[in-house]
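Contents: one structure, followed by commentary.
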Amino acid sequence: MQYNFNEIEKKWQAYWNENNSYKVENDFSKPKCYVLDMFPYPSGAGLHVGHPLGYIASDIYARYKRLKGFNVLHPMGFDAFGLPAEQYAIETGQHPATTTKVNIERYKEQLGKIGFCYDWSREVKTSDPNYYKWTQWIFLQLYNSWYNPKTNKVEKIETIFDAGCPMSDVRNAERDNQTSTIEHRLMEYRLAYKKESYVNWCEALGTVLANDEVINGVSERGGHLVERKLMSQWFLRITAFAERLLTSLDDLDFPESLKEMQRNWIGKSVGAEIKFDVRSQISDLSNTDKTDNQHPSSGINVFTTRPDTIFGVSFIVLAPEHELVNLITTTEQKPAVEEYQKITSSRSERERLAETKTISGSFTGAYAIHPFTGKEIPIWISEYVLAGYGTGAIMAVPCGDERDYAFAKHFNLEIPNIFKDVDIAEKACSDKNVVIANSDFISDLSVKEASKIAIDKIEERKIGSRKVNYRMRDAGFSRQRYWGEPFPIVYDEHGTAIALTDKDLPLELPFLETYSAGPNGKGPLANATDWVNCDLDITSNSNLDLTPSPSPLGEGDVEHGIKSSTKKAVNSYGEKIFNTDASSWIALKEFARQNRSKQTEAESILWEALRNNKIGHKVRRQHAIENYIADFYFADCQLIIEIDGEYHTDKSQLEYDNSRTSILNEIGFSVLRFTNDEVVNYSENVIAKITSKINELSHPSPKGEGKRVRSHFLRETDTMPGYAGSSWYYLRYMDPHNSETFCDKKISDYWNQVDVYIGGAEHAVGHLLYSRMWCKTLHDLGFISYDEPYKKLINQGMIGGSSRFVYRIKNTNQFVSKGLKENYDTNEIHVDVTIVDGYELDLEAFKKIKNNEYANAAFILEDGKYICGEAFEKMSKSKYNVVNPDDIIEQYGADTFRMYEMFLGPLEMSKPWDTKGIEGVHRFLKKFWRLFVNDNSSLLEEGLREVSSIVTNEVATKEELKSLHKHIKKIQHDIENFAFNTSVSQFMIITNELSTLNCHKRESLEQVLITLVPFAPHIAEELWSIIGNKTSILDAQFPILDESLLVENTFNYPVAILGKSRTEMEFALDATQDDIQMQVLANEIVQKWMDNKPLKKFIFVKGKMINVVV
RNA sequence: ACCUUGGUGGUGAAAUUGGUAGACACGCAGGACUUAAAAUCCUGUGGGCAGCAAUGUCCGUGCGGGUUCAAGUCCCGCCUGAGGUACCA
């Protein structure tokens, strides 16, 4: 019976399907392993042979771990939202929902043919409302959180009021009585926030792009021009995580190059910010509000990484857009400066990039005062200083910086030398291994020492401070596109953003027939006016529960340690929520304050037991709510504790209390009542009751029904970018059908981090940074237990295409073969690789392509053949070099395809696709097959498998066992190190060995077969069943390595004389060196090479080699 | 310009810690089986020189130095491919 791979593969794929062979249970009792692929965009082109490379590698690893007894999570899904899907839909004139669905079907069909062990019941699609409900939910977590630099953690936005200084400005907002002002201030802290800013606007795509989606001034997708445009956009405050993203990188098992890319992207530089005073010829400079908070008086703040070069400063350069330029420019210089500003601002980013070498600038006429020498130094503007980095101003040190040097030379500025024994006549010296000179108190010091002392001095004189700068910017999170997650955000009549609540999710993407851009740079959703205009019930316990109380900012609230300068309480904010008018609010607040100072015995007992977060929740006492004052109040779960004193006992009082309770209930508060007696005598019971009530209330889902206010809102019409859904998908696979939460914590604790993540390097700074940030956020907020998503990451190399060319003689229909093309003036034209055999063009097929465009073509041949040119390029449709895996599988089978892709070379290496070697792998599988099955039997005994098997039950010899265990060791080692190319070699080696020995013994073959499962699962299942097994081989146990079988007692030593290997000699491994030395020196060949010279040294490395030195 | 990686036969590539360079495969050459083909199997295959041959011998991991008994592997300088970043102070 021959190896009929097509039949076998179909059969077992169906079998695995029917038996749910790849279904993964959340079985906490087993050790886990999480193997993840970067999920694909389901593009219209389908898979080419380059895509599955990483999938095959992860599949091998996942299957291996399963054979080793692990519970392996190895899922697959689709990154279905985003620009490419929408672009494809527009190009093909279909709705993205349709194309996405069709494309996903096609991908699944193609993936299915390769025989991957995905558990499809866990498939996720980012465009599925059941999925993006949680993307939106996580967005709300980001929106409702801020980064507390003191705790270095993400915290709920509420904590900002108690955190000390950062939101101190909010007091000004209070004074203004403006909810919108508070909201405006909070936007400066939220992790997802909206801001008016310059963005990368791509007119052709009609949308904003993130920094990493823009390459050299054009869009990554499509290569369209990108310009800067001022727009109100959503951002993710990833800069807050800069330091953490940087430091935790060290512990991750990522490729070094990728870590380096992330480090570059984050771009940390350590140095100092230094203030240079401006010669006070301009009196109004000191009145401007625009100067930096840290150094509020007049002056220019510069950022430098080389404070040691402070004495080399001979001029200052500002970015042309710098806000001080107009203030300091003298009247004489004004025309020149304005002219320069006009030129630079009119130029696009791209033009600026193109002219990096030309030196330009303009003198402002103003002078700064050197902080140490007191010397006046000129202030210039130039576009080589970027407004967006550092402070937008530099202190120029021409002797130490090439650009400053070039600038100084060009404009004839002074170039003082502050380096000892360094010649700067020709060029600047940026070497850091120099000694500083001519620099007052830092002369004769090294760069490092000088830096430290200079900063110390700067800080001492309060003219600057140590400062760390990051190149990374916050990530743009808005897209003016249709095919993405809608934001769970609405705007009220003042345009203030209001977040939807959990129960409003998912906010589904409305179906639109057309999705062309909306008005005023808005996205397509702006056209859906019915959807944009909405009446909603916004509950009081939504995002607006931020600060229902004046307490944290109130006077005398020792708990918070903030002394407010204002006595006026928040009320407009309160008004909106609590419907309390301003005057009674103030009266109540005053009453509450008095109450706090004269508390009853019960109140103080309870206060002592609850204060300072003692039960894990913050409590306030005598807190004004509605028209009442609550004795104790837990803001986070809206629980009110009332203590009924002596004067609360009569009947009318009781009725009053009850009605009060029910009103409070109605507007969303829970009320617990205790008597004085209970509190004084049974305080423990009381605390327990409170704790359990809090637990009940603070459990995520059943938040108390708030007061619902129906009002009119406008929806956000931007959608989220492609990376939103992919930032957390690894979590959803763990618990894909949960409708209560994005992923149950018990389950995410079990599956934990991704053990191995395989994907392309193109996501190095985008997706990977964002998902690391989201992970840290979810971790800090307590939703998951780890703050890095991926433990180990592997970048598989790209498989490029090998393109073929034909050469058309210009303006003719004549084609000339490659070898002769030099004689003609030709155009190079890509020709489809499928009609080229090696390099020889199939002329008949060529005439038929492109609707017979070349039907009448004439050819100039060499040796009767048309030879094509070749080039290695990215595999793409337009280059006609795409090889479809389906075709390869049809011809050789999935097992051959899988093994060949691995055999091609190391996983991380990029290589062109070349079908040349595939025969060798296919031959190996056929040879392997013949170890188990009699090749001719099919002719005689069709269908009788048992008879076909030629596997015997003989006992394996010691030699056979030894080679088996050598094999096991090699395969095991290679898989664990992702060196799959060499494991394929090992399979060939053992197969050749067993064939030569004519060994068909079950004892050996069965074990080898199991090791083959990860690589070639179909043939393994078939042979497993042919040799009589009734269960699937997928659950077999990986052979256990017996090292004792590998122990050798002799070794064939290479013997070298003077390091050159001359002969081999076999010795027992336990032989003594003296023994060996004697025999070696007696050896004829050794003697010959020693040539009677005296022995100098005898080098003997046990089990390795022998070297004789003369 | 800077950072990260690579550079080994005709080709894809092997070579855990410095220890017999070129495993395994493709291709090529020759042979066996066959009427023939496919399939399969066997032999050879880094280069030069010597020899009928077994074999011997010299050279050989981008280039030039160095460390070492021993270097593809470690160090210094350069050339070059790929990827990334780029007036980032």
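So you know, we letter chains A, B, ... as the sequences are listed, proteins then strands, and number each from 1. Keep in mind it's a predicted model, so treat the numbers as computed, not measured.
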(message) For the backbone of A/Ser360 and the side chain of A/Ser382, can you confirm whether one donor and one acceptor N or O come within less than 3.5 Å of each other?
(response) yes
(request) Give me the residues of residues 964-984 of chain A where at least one heavy atom lies under 4.0 Å from an atom of RNA chain B, by number, or none. (result) A/His973, A/Asn981, A/Thr982
(request) Using the C1' atom on both, measure B/U45 against B/A38 and round to a whole Å. (result) 25 Å
(message) Assuming nearest nucleotide by heavy-atom distance, tell me which of A/Pro1054 and A/Pro912 is located more 5' along RNA chain B.
(response) A/Pro912
(message) Within the 4.0 Å heavy-atom criterion, would you say A/Pro255 contacts the bases, only the backbone, or no part of the nucleic acid?
(response) nothing
(request) Determine the interatomic distance between P on B/G81 and the same-named atom on B/C75; round to the nearest Å. (result) 23 Å
(message) Just the rounded figure in Å: distance from P of B/A82 to CD of A/Glu762.
(response) 18 Å
(message) Quick check: do A/Arg898 and A/Ile60 have side-chain heavy atoms less than 4.5 Å from each other?
(response) yes
(request) Can you tell me, in whole Å, how much space there is between the P of B/A71 and that of B/C2? (result) 32 Å
(request) Answer yes if the ring centres of A/Phe315 and A/Phe411 are under 6.0 angstrom apart, and no otherwise. (result) no
(request) For A/Glu402, look at atom CD and say whether over 12 heavy atoms of other residues, nucleotides or ligands are found less than 6.0 Å away. (result) no
(request) Give a yes/no answer on whether the side chain of A/Arg923 brings an N or O atom under 4.0 Å of OP1 or OP2 in B/C41. (result) no
(message) Could you tell me if A/Glu243 and A/Tyr470 have a donor-acceptor pair between their side chains, going purely by distance under 3.5 Å?
(response) yes
(request) Tell me the stems RNA chain B sits in, counting at least three consecutive Watson-Crick or G-U wobble pairs, each under 3.5 Å on both distances. (result) B:1-7 with B:79-85, B:10-12 with B:24-26, B:27-32 with B:40-45, B:46-50 with B:55-59, B:62-66 with B:74-78
(request) Take atom C1' in B/A14 and the same atom in B/A21, then report the distance between them in whole Å. (result) 10 Å
(request) In whole angstrom, give the distance that lies between atom NZ of A/Lys927 and atom C1' of B/C41. (result) 9 Å
(message) Under 3.5 Å, is there a donor on one side chain and an acceptor on the other for A/Asp474 and A/Thr239?
(response) yes
Using a cutoff of under 3.5 Å, can you pull out all pairs of nitrogen or oxygen atoms linking the protein to nucleotides 56-60 of chain B, with atom names and distances?
residue : atom : partner   : partner atom : Å
B/U57   : OP1  : A/Lys1088 : NZ           : 3.1
B/C58   : OP2  : A/Arg1062 : NH1          : 3.1

(request) Kindly indicate whether the side chain of A/Glu256 and the base of B/U4 share any N or O donor-acceptor pair separated by less than 3.5 Å? (result) no
(message) I want to check something: taking the side chain as every heavy atom from C-beta on, are A/Arg263 and A/Lys259 in contact at a cut-off of under 4.5 Å?
(response) yes
(message) Does A/Asn992 reach a base, just sugar-phosphate, or nothing at all? Heavy atoms under 4.0 Å.
(response) sugar-phosphate
(message) Centre-to-centre under 6.0 Å for A/Phe928 and A/Tyr3, is that the case here?
(response) no
(request) Assign each of A/Ser910 and A/Val921 to its nearest nucleotide of RNA chain B by heavy atoms, then name whichever residue's nucleotide is nearer the 5' end. (result) A/Ser910
(request) Flag the pair A/Trp1089 / A/Val1108 as yes when at least one side-chain heavy-atom distance between them is below 4.5 Å, and no otherwise. (result) no
(request) Report the nucleotide, chosen from B/C41, B/C88, B/A25, that has the shortest atom-to-atom distance to any side-chain atom of A/Phe903. (result) B/A25
(message) Could you tell me how far B/G22 sits from B/U61 if I compare only their P atoms? Round to whole Å.
(response) 14 Å
(message) Looking at A/Lys911 and A/Glu901, is any side-chain nitrogen of the basic one under 4.0 Å from a carboxylate oxygen of the acidic one?
(response) no
(request) Would you check if there is a donor-acceptor pair between the side chains of A/Asn992 and A/Lys927 at a distance under 3.5 Å? (result) yes
(message) So A/Glu1064, base contact, sugar-phosphate only, or nothing? Heavy-atom distance under 4.0 Å.
(response) base
For a quick test of your reading: what N or O donor-acceptor pairs under 3.5 Å do the side chains of residues 915-923 of chain A make, sequence neighbours left out?
residue  : atom : partner  : partner atom : Å
A/Thr915 : OG1  : A/Trp913 : NE1          : 3.1
A/Glu919 : OE2  : A/Tyr892 : OH           : 3.2
A/His922 : ND1  : A/Tyr892 : O            : 3.4
A/His922 : ND1  : A/Thr896 : OG1          : 2.9

(message) Can you confirm whether A/Ile415 sits close enough to A/Lys409 that some side-chain heavy atom of one is under 4.5 Å from a side-chain heavy atom of the other?
(response) yes
(request) Under 4.0 Å between any heavy atoms, over every strand shown, what does A/Ser985 touch: base, sugar-phosphate, or nothing? Just pick one. (result) base
(message) Taking B/G56 as the reference, what is the distance to B/C63 when you measure between their P atoms (whole Å, please)?
(response) 28 Å
(request) For residues A/Met902 and A/Leu53, determine if any side-chain heavy atom of one lies less than 4.5 Å from a side-chain heavy atom of the other. (result) yes
(message) Less than 4.5 Å apart, side chain to side chain, heavy atoms only: is that true for A/Thr309 and A/Asp401?
(response) no
(request) Check each residue of residues 1103-1110 of chain A for a non-hydrogen atom within less than 4.0 Å of any atom in RNA chain B, then write out the ones that pass by number, or none. (result) A/Lys1104, A/Met1105, A/Asn1107, A/Val1109
(message) Could you check whether any side-chain heavy atom of A/Trp380 comes within less than 4.5 Å of a side-chain heavy atom of A/Leu318, counting everything from C-beta outward?
(response) no
(message) Need one value for A/Ile1099: base, sugar-phosphate or nothing, where a base atom within 4.0 Å counts as base even if backbone is also close, heavy atoms only.
(response) base
(request) Take the protein atom CG of A/Asn998 and the nucleotide atom P of B/C41, then report the distance between them rounded to whole Å. (result) 13 Å
(message) Quick check against the 3.5 Å criterion: does A/Glu273 have a side-chain atom that pairs as donor or acceptor with the backbone of A/Arg466?
(response) no
(message) By nearest atom, which of the nucleotides B/C88, B/U20, B/C69 is closest to the A/Tyr389 side chain?
(response) B/C88
(message) One character per nucleotide, please: for nucleotides 6-11 of chain B, 5' to 3', B when the base has a protein heavy atom closer than 4.0 Å, S when only the sugar-phosphate does, - otherwise.
(response) -----S
(message) Taking only the P atom of each, what is the distance from B/C24 to B/G44 in whole angstrom?
(response) 12 Å
(message) Taking the side chain as everything from C-beta on, heavy atoms only, tell me whether A/Gln796 gets closer than 4.5 Å to A/Ile56.
(response) no
(request) May I ask you to evaluate whether A/Lys259 reaches the phosphate of B/U4, defined as a side-chain N or O under 4.0 Å from OP1 or OP2? (result) no
(request) Compare the minimum distances between each of B/A89, B/C24, B/C69 and the side chain of A/Met988, then state the nucleotide with the smallest one. (result) B/C24
(request) Using the P atoms only, state how far B/G84 lies from B/G77, rounded to an integer number of Å. (result) 26 Å
(request) Taking only the side-chain heavy atoms of A/Glu260 (C-beta and beyond), determine which of B/C24, B/U4, B/U40 contains the nearest atom. (result) B/U4
(request) Could you tell me whether the phosphate oxygens of B/U5, OP1 or OP2, come under 4.0 Å of any side-chain nitrogen or oxygen in A/Asn795? (result) no
